[in-house]
Structure formats: structure tokens, C-alpha cells
Amino acid sequence: MKRMLVIVMAAALPLGFLAGCGQERAPQVYKQGKYQGKPDTPPWENEQFKGSQTAWDDAIKRRAQGQNEYVRIGDAPGGSL
Amino acid sequence: MARMKFLCDAERCIECNGCVTACKNTNEVPWGVNRRRVVTIDDGLPGERSISVACMHCSDAPCMAVCPVDCFYKSTDGVVLHDKDLCIGCGYCFYACPFGAPQFPQDGGFGLRGKMDKCTFCAGGPEPDGSEAEFRKYGENRLAQGKLPSCAEMCSTKALLGGDGDVIADIYRTRVLVRGKGSDVWGWGTAYGKPEKQAAPGGKS
């Protein structure tokens with residue numbers, strides 16, 4: 001019985017060594033100077049903007065004007081812009 | 001197409017570090033990593049100036065050029081971002097960046113230098129927008145919510161402007177034209193009007 005086990009293990013050993021040989025080679029996609037990471041989605045591809053870049057641009061522009069106190073205050077020197 | 005930029009008005013910055021705190025809080029940045037910091041020149045002397053510095057999201061970013069694993073990319077709106085899953089923490093980007101923007105967590109033993117971390121313009125990274133993975137690796141994605149970076153929006157004096165380069169340049173240009181120059185910017189003239197407006201023609205000053 002013990003001898004049988006040794007024979008089976010000896011027969012299986014080369015299979016273990018060769019197990020990696022069937023693995024396919026990973027495709028080489030590296031390109032010098034090109035981004036290699038995961039792709040990113042644009043900020044307007046979500047439920048809020050529903051893929052509308054124009055809506056996103058408008059929201060960002062509106063938000064940016066919140067930093068302009070001459071618009072926020074209105075009658076400040078410089079007038080409303 | 002928007003080209004996202006930061007602009008810091010040195011005449012307005014009061015070195016309150018509100019931008020630094022806002023960034024830390026919004027993105028839950030760990031200890032030892034400062035995506036944004038306030039630099040003061042001639043500290044304590046008359047005429048000292050402060051400026052808030054972070055990644056400037058360069059149009060031709062040197063960090064992108066030197067990265068050996070090409071983990072940097074530029075988003076559709078001009079924000080320089082990187083994939084932390086690719087970053088090997090070599091530090092080349094830190095040497096290349098003129099603003100010292102790339103940061104490396106060093107809280108491990110044996111001089112460990114972790115994956116690079118930097119300002120994302122509150123635009124997250126290459127993970128699904130608003131996901132837990134994105135927040136954990138890169139912080140909050142405010143751009144996808146139609147908001148601007150929290151540092152700029154939190155700035156109490158509006159010294160730090162963030163947004164489309166053309167828009168914030170217009171805001172800054174108007175501001176500079178209105179406030180004038182010299183003592184008008186900070187002194188008596190700003191508070192009480194210019195001397196030529198105060199004094200009536202031929203009257204007592």
C-alpha cells in the first residue's frame with residue numbers, strides 16, 4: 001500500500017512541475033509613455049448629470065462664480081459681472 | 001472643455017490654513033501626507049506673503065513625463081491623476097515636481113515609502129465614481145457632484161480660486177483691476193476711499 005502511494009506520488013510529481021506550462025502568456029500591452037492604469041469615467045457619467053457634459057459644464061461654471069464676490073454681492077465696485 | 005486650475009492670490013491669503021484643513025477633512029488624508037500646504041515668504045517681516053500650494057495640474061506635467069510605470073493620466077477636464085494600483089512609490093515624480101506636490105506615506109518600518117498621494121482636484125481617481133474604493137484610495141470625488149475642490153470653496157478670503165482656468169483668470173483679473181495697486185490693496189485707501197475722492201476740490205482735507 002505504502003509502495004503504491006510512493007509510486008503514485010512519484011508519477012504525479014512531474015505533473016506538478018509542468019502545471020505552469022499550460023498557462024498562456026500574458027499579452028504584452030505596455031507602450032512607452034502611455035497610461036497603463038485603469039480607465040476613468042468623465043465626471044458627468046453619473047445619475048446626477050446623466051451623461052450630459054453641457055449640464056456638468058454649466059454646474060461647474062455656476063459654482064466657480066460662487067468664488068467671485070463681485071457677482072455675489074452685486075453692487076460692489078466693479079459692478080455685477 | 002474646461003481646463004481645471006488653481007490660482008492663489010497672495011494679496012488675499014492670510015495664512016489661516018483653512019484650505020489645508022478642508023483638504024484633510026474632505027479626503028481623510030492620513031497623518032504625514034499634506035496634499036496642500038501654505039508657504040509664507042518673509043514670515044514676520046513687513047510685506048510678508050503667503051500662498052497655498054498643491055498640485056497645479058500642469059498642462060505639461062513633469063511627473064507624468066518621468067513616471068517609470070506610466071501611472072499618470074490627465075482627465076478630460078485637465079486634472080492630473082494617477083492609478084495607485086500601478087504606482088511603485090519610486091519617488092521620481094517627487095523629484096520632478098517643482099511644487100513638491102507628490103507625497104509619500106512613511107508610517108511603516110524600515111524607511112517604508114508607500115504609494116504616492118497627491119491633490120486630485122477633488123476628482124477621485126480611476127475607480128467607479130463615488131465608490132468606497134475611490135474614496136479610500138483617492139478621497140472624495142466632488143467634481144462628479146458638480147462641485148469644485150473643497151480647499152478653494154472653503155477659502156474664507158477667496159484667495160484660493162479653483163475651477164476652469166479661463167473662468168478663474170477672469171475673476172482674478174477683475175479683482176486686480178478693482179482693487180488697484182500699492183497701498184490701495186491693503187491700506188487706508190481700500191478701507192476709506194482714495195484721498196482724491198475724500199477731499200472736496202478746494203476744501204479742507
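Since we're looking at a predicted model, the values are computed, not measured. Below, chain A is the first sequence line, B the second, and so on; all start at residue 1.
- Between chain A and the residues B/G146, B/C71, B/G163, the largest count of heavy-atom pairs under 4.5 Å involves B/G146.
- In terms of modelled atom types and a separation under 3.5 Å, the side chain of B/D117 and the main chain of B/F104 share no donor-acceptor contact.
- Of all non-hydrogen atoms in A/Q67 and B/A152, the two that sit nearest each other are OE1-CB, 3.5 Å.
- Both the backbone and the side chain of B/K147 come within less than 4.5 Å of a heavy atom of chain A.
- The contact between B/T76 and chain A is made entirely by side chain atoms (from C-beta outward), counting heavy-atom distances below 4.5 Å.
- Side-chain contact check for B/S150 and B/R142: no donor-acceptor pair (N or O, by modelled atom type) lies under 3.5 Å.
- Residue contact with chain A, scored on non-hydrogen atoms closer than 4.5 Å, involves the backbone of B/F72 exclusively.
- Proximity to chain A is limited to the backbone of B/L160, based on heavy atoms less than 4.5 angstrom apart.
- Ranking B/V167, B/I168, B/D129, B/L177 against chain A, the residue ahead of the rest is B/D129, based on heavy-atom pairs under 4.5 Å.
- Between B/L143 and B/F121, the shortest heavy-atom distance links the atoms CG-O, 3.9 Å.
- Considering OG of B/S75 and CG of B/L81, their distance stands at 5.5 Å, rounded to 0.5 Å.
- Among the candidates B/E127, B/H82, B/K74, B/M64, the residue making the largest number of heavy-atom pairs closer than 4.5 Å to chain A is B/E127.
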